[in-house]
Amino acid sequence: MTGGPEIILSIKDVSKSFPGVKALDHVSMEVRKGVVHGIVGENGAGKSTLMKILSGVYEKDEGTIVFDGKTVERTTPVQALRSGLSIIYQEFSLVNSMTVGENIFLGRFREAGGMKGTHRKAKALLESIGSNLSTRQYVSELSTSEKQMVEITKALSFDSKLIIMDEPSSSLTEDEMKRLGAIIRELKGRGISVIYISHKLDEIFEYCDYVTVMRDGHVIDTRPAEGLSRAEMITMMVGRAIESEYPERPRCVGGPLLEVKGLNTRKLHDISFTLNRGEILGLVGLVGAGRTEIVRAIYGADRVRSKHIRINGCEVHIASPMDGKKHGIGFVPEDRKMQGLALPFSVERNISMATLSKIRKGLFLNPALEREMAQRQIGELSIKTPSPTTVVESLSGGNQQKCIIGRWLETQPKILILDEPTRGIDVGAKYEIYMLMKKAVEQGSAILLISSELPEVLNMSNRVLTVANGRITGEFDPERASAQEIMNMAIG
């Protein structure tokens, strides 16, 4: 990068190692004042490690960091904030039991002028980014996008010169994304730099002036976003050319496998549909439309008022997840960390969880069988882990997701429910998961797919059902219907 605005952040030959892993290997990059600088790369590329070093969570092993003209040797998260460098993580660092104003000036009430000054200053900061949130509202009552506004306002309260946004759009609706885009442009207009990390390449091209691509702990290149093609970016990220972001649509649809009739809950109204053998059936709807509630009710995870389910033509009773599993249903939930994984447990234990009966030896588990099962899935799914005994929490998001999918593939499910299977996952790992989906249906399973990424549903599904206000509002052939037609019905 030459010419243009002066540099706010310079990173030269920064390295960081953990036991058995070199997370960063002589990384160098520059971020200029008043620009939006995107960082992309597969899970495990080193993006998060670099950001944690910048924000004082980790200490670098070697290299030089210069921020706002000053060399940074050692820092803490508090020192980084006070120097003008803020980071907004995917998991917000807010206190739900406190108000918006209290969160913005947490630990600084005295310097803000007491509680009265805290709310007055917080209100002025919120208004400066176009938010009319009440500073006296409790954070527990806020939506995801509103919490994000509080995090951004908190960063502004420290007079931040550089704000790092790590996957800021992972849980936002389309309207909330527009608001985030407006805030990013507002920050840029004030001369504040933004580092924007996202797996959603459309956002990188829309918001970013420059893009740094990372892979396996190295910086591959830094380029202006304008003039960089999507194919070039993906090739740099994964180290190989990918002709398409999606494999060819599976074409192996057979007869009815799952029939759902008269499914009713407090939120769902007369849900009825059929899922065919060898089919990927996509569910499209806005956040809160009832998509997740439909699959949870089928699986037996939620209470229902009524439902009739037939599998392979036979009426079945599913009142609990154990019943769902017994009848050949696998469920990869929306939130892998909270609902899908036992984070302190090993990779092999997370993979074996749904099939413990197969590896039990009397009262105890057979460790050799468990290891064999784990190694089979690690190999078939290309799970990147130092060993089967590695704690699953230490893996990247994409590899964690593969562990959950591998768990259910071990059960050889008839029906596989995938709720947001690629959320927060890089483009290379997404393609691998798409190939796993295709292989599963080609072997006779059927998939119920929920995704907030419409292109994903349209390119992977054989049929699409739209859901709005707890009802199925339409059925579409994704090869013939337009995205506009489908979204019109999803909006209801």
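These numbers were taken from a predicted model, which means no experiment stands behind them.
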Inset, instruction - Indicate yes or no: at least one non-hydrogen side-chain atom of N459 is less than 4.5 angstrom from one of E245. - result: no

Inset, instruction - Please examine the side chains of R108 and F158, heavy atoms only from C-beta on, and report whether any two atoms are closer than 4.5 Å. - result: yes

Inset, instruction - Nearest 0.5 Å please: distance from the CG atom of L142 over to the CG atom of N103. - result: 8.5 Å

Legend entry - Residues in ring pair (Phe, Tyr, Trp, His ring centres under 6.0 Å) contact with Y89, at least two apart in sequence or another chain: none

Inset, instruction - Grab the two heavy atoms, one from P224 and one from L228, that are nearest each other, plus how far apart they are. - result: O-CB, 3.7 Å

Inset, instruction - Taking only Lys NZ, Arg NE, NH1 and NH2, and the carboxylate oxygens of Asp or Glu, determine whether R423 and E456 approach each other closer than 4.0 Å. - result: no

Legend entry - Charged N-O contact under 4.0 Å between D419 and R291: no

Validation: residues 134-141 side-chain donor-acceptor distances under 3.5 Å, sequence neighbours left out:
| unit_1 | atom_1 | unit_2 | atom_2 | d |
| --- | --- | --- | --- | --- |
| S134 | OG | R136 | N | 3.2 |
| T135 | OG1 | H119 | ND1 | 2.9 |
| R136 | NH1 | H119 | NE2 | 3.4 |

Inset, instruction - Assess the side chains of S452 and E420: does a donor N or O sit below 3.5 Å from an acceptor N or O? - result: yes

Legend entry - Student check: side-chain heavy atoms of P250 and M437 closer than 4.5 Å: no

Legend entry - Reported CD-to-CD1 distance for the pair E186 and I129, which is rounded to 0.5 angstrom: 8.5 Å

Inset, instruction - Give, for atom CD of Q401 and atom CG of L436, the distance between the pair rounded to the nearest 0.5 Å. - result: 11.0 Å

Legend entry - Nearest-0.5 Å distance that lies between atom CD1 in I450 and atom CG in L283: 5.0 Å

Inset, instruction - Using a strict 4.0 Å threshold on nitrogen-to-oxygen distance, state whether R296 and E293 make a salt bridge. - result: no

Inset, instruction - Using atom types as modelled and distance alone, determine if a side-chain donor or acceptor of Q400 lies under 3.5 Å from a backbone N or O of V392. - result: yes

Legend entry - I486 CD1 to T466 OG1 distance, which is reported to the nearest 0.5 Å: 8.0 Å

Inset, instruction - Check the pair V100, L126 against side chain to side chain contact (heavy atoms under 4.5 Å, CB included), reporting the backbone distance first and the verdict last. - result: CA-CA 10 Å; V100 168; L126 284 162; 3.9 Å; yes

Legend entry - Those residues that, when tested against K47, pass side chain to side chain donor-acceptor pair (under 3.5 Å) (two or more places apart): none

Inset, instruction - Applying salt bridge (Lys or Arg N to Asp or Glu O under 4.0 Å), name anything that partners K121, two or more places apart in sequence or on another chain. - result: none

Inset, instruction - Heavy atoms only: give me the nearest L454-A483 pair and the separation to one decimal. - result: CD2-CB, 3.7 Å

Inset, instruction - Could you list the residues that satisfy salt bridge (Lys or Arg N to Asp or Glu O under 4.0 Å) with R179, not counting sequence neighbours? - result: none

Inset, instruction - Just jot down the side chain to side chain donor-acceptor pair (under 3.5 Å) partners of T75, sequence neighbours excluded, or say none. - result: none

Inset, instruction - For the residue pair P455 and L458, establish whether any side-chain heavy-atom pair is separated by less than 4.5 Å. - result: no

Inset, instruction - Grab the two heavy atoms, one from S128 and one from L156, that are nearest each other, plus how far apart they are. - result: OG-CD1, 4.5 Å

Legend entry - N132, CG: over 12 other non-hydrogen atoms inside 6.0 angstrom: no

Legend entry - Criterion side chain to side chain donor-acceptor pair (under 3.5 Å) against H37, the qualifying member of T222, D209, T212: T212

Inset, instruction - Taking all heavy atoms of M460 and all of P247, pick out the closest pair and write down the distance. - result: SD-CD, 3.9 Å

Legend entry - N-O pairing of K123 and E127 below 4.0 Å: yes

Inset, instruction - Using atom types as modelled and distance alone, determine if a side-chain donor or acceptor of S160 lies under 3.5 Å from a backbone N or O of L162. - result: no

Legend entry - Partners meeting ring pair (Phe, Tyr, Trp, His ring centres under 6.0 Å) with F105 (sequence neighbours left out): none

Inset, instruction - Taking ring pair (Phe, Tyr, Trp, His ring centres under 6.0 Å) as the test, write out the residues that go with Y207, two or more places apart. - result: Y196

Inset, instruction - Check whether the side chains of S346 and T389 place a donor and an acceptor atom closer than 3.5 Å, and report yes or no. - result: no

Inset, instruction - Of all the heavy-atom pairs spanning L54 and A80, show the shortest one and how long it is. - result: O-CB, 4.1 Å

Inset, instruction - Please lay out, stage by stage, how K439 and L409 fare under the test side chain to side chain contact (heavy atoms under 4.5 Å, CB included). - result: CA-CA 11 Å; K439 183 179 177 182; L409 291 180; over 6 Å; no

Legend entry - N462 side chain near V441 side chain, heavy-atom distance below 4.5 Å: no

Inset, instruction - Answer yes or no: is there a side-chain heavy-atom contact under 4.5 Å between S193 and L9? - result: no

Inset, instruction - Identify the residue among D335, L395, N350 that makes a side chain to side chain contact (heavy atoms under 4.5 Å, CB included) with L341. - result: N350

Inset, instruction - Side-chain contact test, heavy atoms from C-beta onward, threshold under 4.5 Å: evaluate it for M489 versus V464 and give yes or no. - result: no

Legend entry - salt bridge (Lys or Arg N to Asp or Glu O under 4.0 Å) partners for R120, two or more places apart: none

Legend entry - Pairing residues for D68 by the salt bridge (Lys or Arg N to Asp or Glu O under 4.0 Å) criterion, not counting sequence neighbours: K161

Legend entry - Ionic contact status for E111 with R82, cut-off 4.0 Å: yes

Legend entry - Donor-acceptor under 3.5 Å (E6 side chain, K33 main chain): no

Inset, instruction - Report yes if the side chains of E393 and K337 come closer than 4.5 Å at any heavy-atom pair, otherwise no. - result: no

Inset, instruction - Return each pair, listed once, that meets side-chain hydrogen bond (donor to acceptor under 3.5 Å, both in side chains) where at least one residue sits in residues 13-25; pairs must be two or more places apart or across chains. - result: D25-H218

Legend entry - Test ring pair (Phe, Tyr, Trp, His ring centres under 6.0 Å) applied to F18 - qualifying residues, sequence neighbours left out: Y58

Inset, instruction - Check whether more than 12 heavy atoms from other residues, nucleotides or ligands sit under 6.0 Å from atom CD of E479, and answer yes or no. - result: yes

Inset, instruction - Evaluate the side chain to side chain contact (heavy atoms under 4.5 Å, CB included) criterion for residues I351 and E348: first the C-alpha distance (whole Å), next the side-chain angles of each, then the deciding distance (0.1 Å), finally the verdict. - result: CA-CA 5 Å; I351 289 174; E348 62 185 7; 5.7 Å; no

Legend entry - Approximate separation, where rounding is to 0.5 Å, of W408 CH2 and M353 CE: 11.0 Å

Inset, instruction - Could you please spell out the steps behind the side chain to side chain contact (heavy atoms under 4.5 Å, CB included) verdict for V14 and I65? - result: CA-CA 8 Å; V14 167; I65 298 172; 3.9 Å; yes

